[in-house]
Amino acid sequence: MSDLLHDDRGAPIYVDHICWLTAEDDMYTLDWPTPDDYFKVLPHIYMEDHYYGRVGTLTRSLLADGRRVTAGDLALRVLERMSTKPHWDWLILAQTCPERHALNAPLARMLETATWQVEHPLGITHMGALAGTEAIQVALWSLFPNERAVIVLVEQRILHDDGPVGYSQQSESHGDLADMAVALEAGLGQGALQIHYAGKRIIRSDEPATFASEVLDIIRDLMDDHAAEHVILQSRLGWRISGSSVWNIHPSKSVCVPRTDYQSGDVWIQLADKLEQGGIKPDDRVMLISWDDDRMLSACCVHVMHMPMLSRLTMNQEIKTS
């Protein structure tokens, strides 16, 4: 039995537009011997070496037009597609991975670079993939009626793990990780996707069979409580409890788990894909369940009132660097 950490059945928030951009590991190059922006990443290298007993931690780069793209640049790219208005009441930025420009926070750079104005900028961090659904709760706490917000989820892993092959050595049972930026245009009152925050759950056991059983019980309870027809799981959670790309909630319903996990943006990218492909339609209800790669789940329920605007961007489109 899992522990209910927090449950909120209050007013919903609405999302009208989802914009996303992904950067898979094969798009990166290893910084060797040192990058030309070494002074910007040096604090990260020093901390990795000091706290983990490493020597000469390596970094990796995502390049566009010969320049290194930061997480802040990825976030700006998705925000530009949202910027149909000159003013936002709230900008909520969620980022856990270290920013490449260690001494220059991305939120400050974004506010300086953007052509639109933000009344209330807010940054949240150290939430990992849970930020994908917990950011909904943050927005619900923050917004007043008639205010509009843009929620931005971004992660870029610049520190190279485990020597020269690093990120290519992913666990077969957990799938792959990739970087991304996702922007959600949100507000109160009405919109395309009605979203109720469904709270967090703690899983008591990390023994594989018990862990999987508890997770399945939580999923079934959440779907019953919210009358949801579909469930979208954090991809690595699906691989953790099944060890394969397809598993069953009950005999009449199976779930396909993508091979690649996009961290805090993962459940939103999956939702946007399924909306584009017609797998999820107006009036459907969908549970989105994010996972912290340990023993905590966070969930929200999406009721599709009508189709939102969907904007899939690619890395071969122009990326401005800051």
Side-chain angles (χ1 to χ4, degrees), residues 1-15 18 90 92-96 122-144 149 151-153 182 184 186-189 191 193-206 210-238 240-241 249-250 253 255 257 261-271 280 284-305:
M1 180 67 68
S2 67
D3 291 328
L4 174 61
L5 184 62
H6 183 73
D7 192 8
D8 190 337
R9 301 298 177 88
I13 199 168
Y14 293 83
V15 167
I18 304 174
W90 289 87
I92 299 171
L93 174 69
Q95 178 184 1
T96 295
L122 177 63
I124 56 178
T125 187
H126 287 78
M127 297 191 73
L130 293 180
T133 44
E134 289 298 304
I136 296 299
Q137 176 75 320
V138 173
L140 283 166
W141 283 337
S142 303
L143 269 69
F144 286 101
I151 301 169
V152 182
L153 312 165
V182 173
L184 310 172
L188 303 178
L193 305 177
Q194 181 190 73
I195 303 170
H196 283 272
Y197 176 70
K200 296 190 285 289
R201 306 292 190 277
I202 295 176
I203 304 162
R204 291 182 176 179
S205 175
D206 60 2
T210 307
F211 179 95
S213 177
E214 284 192 53
V215 170
L216 289 172
D217 287 343
I218 291 170
I219 293 169
R220 294 186 186 105
D221 288 345
L222 286 167
M223 294 184 73
D224 289 344
D225 289 348
H226 294 268
E229 299 92 352
H230 306 273
V231 60
I232 291 176
L233 292 185
Q234 189 83 37
S235 296
R236 284 167 71 87
L237 175 60
R240 165 73 185 270
I241 65 177
I249 301 175
H250 53 69
K253 189 170 186 62
V255 174
V257 181
D261 185 302
Y262 291 100
Q263 304 178 78
S264 60
D266 187 68
V267 292
W268 294 102
I269 292 172
Q270 289 190 60
L271 175 64
I280 294 173
D284 284 354
R285 285 180 170 83
V286 189
M287 291 307 306
L288 306 185
I289 301 177
S290 57
W291 178 50
D292 70 345
D293 210 23
D294 190 12
R295 286 193 283 173
M296 184 175 288
L297 305 178
S298 171
C300 62
C301 181
V302 179
H303 183 192
V304 183
M305 313 302 290

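A distance of 6.5 Å separates CD of Glu214 from CD1 of Ile203, quoted to the nearest 0.5 Å. Distance check, rounded to the nearest 0.5 Å: CG of Leu143 to CD1 of Ile151 gives 8.0 Å. Atom CG in Asp292 sits 10.5 Å away from atom NZ in Lys200 (nearest 0.5 Å). Atom-to-atom distance recorded for Ile202:CD1 and Ile218:CD1 is 10.0 Å, nearest 0.5 angstrom. Note that the CD1 atom of Ile136 and the CD1 atom of Ile13 stand 5.5 Å from one another [nearest 0.5 Å]. Here CH2 of Trp90 is found 6.0 Å from CG of Leu122. Values are rounded to the nearest 0.5 Å.
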Residues Val267, Leu233; criterion side-chain contact (heavy atoms from CB on, under 4.5 Å); working and verdict: CA-CA 6 Å; Val267 292; Leu233 292 185; over 6 Å; no
Just do the side-chain contact (heavy atoms from CB on, under 4.5 Å) check on Asp206 and Arg295 with the steps written out, would you? CA-CA 7 Å; Asp206 60 2; Arg295 286 193 283 173; 4.0 Å; yes
Walk me through it: do Ile195 and Val15 pass the test side-chain contact (heavy atoms from CB on, under 4.5 Å)? CA-CA 8 Å; Ile195 303 170; Val15 167; 3.4 Å; yes
Does Val286 form a side-chain contact (heavy atoms from CB on, under 4.5 Å) with Val231? I'd like the steps, not just the answer. CA-CA 5 Å; Val286 189; Val231 60; over 6 Å; no
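Checked by atom type and distance alone, the side chain of Asp261 pairs as donor or acceptor with a backbone atom of Arg236 at under 3.5 Å. Without hydrogens or angle criteria, Gln95 side chain to Leu153 main chain gives no donor-acceptor distance under 3.5 Å. Formation of a donor-acceptor pair under 3.5 Å by the Trp268 side chain with backbone atoms of Leu271 is not found in this model. Between the side chain of Arg285 and the main chain of His230, no donor-acceptor pair closer than 3.5 Å is present. No donor-acceptor distance shorter than 3.5 angstrom exists from the side chain of Ser264 to the backbone of Ala131, with no hydrogens or angles considered. Under a 3.5 Å cut-off, the side chain of Thr96 and the backbone N or O of Met127 do form a donor-acceptor pair.
Looking at heavy atoms from C-beta onward, Leu193 lies in side-chain contact with Ile18 at the 4.5 angstrom threshold. A heavy-atom distance below 4.5 Å is found between the side chains of Ile280 and Val304. Taking 4.5 Å as the limit, every side-chain heavy atom of Leu297 sits out of range of all side-chain heavy atoms of Ser290. Proximity of Ile124 to Val138: side-chain heavy atoms (C-beta onward) are separated by under 4.5 Å at one or more points.
In this structure, the side chain to side chain contact (heavy atoms under 4.5 Å, CB included) partners of Ser213, at least two apart in sequence or on a different chain, are Asp217. Scored by the side chain to side chain contact (heavy atoms under 4.5 Å, CB included) test, Ala129 finds Gln234 as partners (sequence neighbours excluded). Ala299 is linked by a side chain to side chain contact (heavy atoms under 4.5 Å, CB included) to Ala198, Leu222, Met287, Ile289, counting only residues two or more places apart in sequence or in another chain. Every residue meeting the side-chain hydrogen bond (donor to acceptor under 3.5 Å, both in side chains) condition with Gln270, not counting sequence neighbours, appears here in chain and number order: Ser235, Asp266. Evaluation of the side-chain hydrogen bond (donor to acceptor under 3.5 Å, both in side chains) rule for Ser298 yields Thr133, Glu134 as partners, not counting sequence neighbours. Applying the side-chain hydrogen bond (donor to acceptor under 3.5 Å, both in side chains) test to Ser205 and every residue at least two apart in sequence or in another chain returns nothing.
For the residue pair Tyr197 / Gln137, no side-chain donor-acceptor distance below 3.5 Å is found, with atom types taken as modelled.
Judged by the 6.0 Å and 45° rule, Arg240 forms a cation-pi pair with Phe211.
In terms of heavy-atom proximity, Ala11 sits nearest to Leu140 at O-CD2, 3.3 Å.
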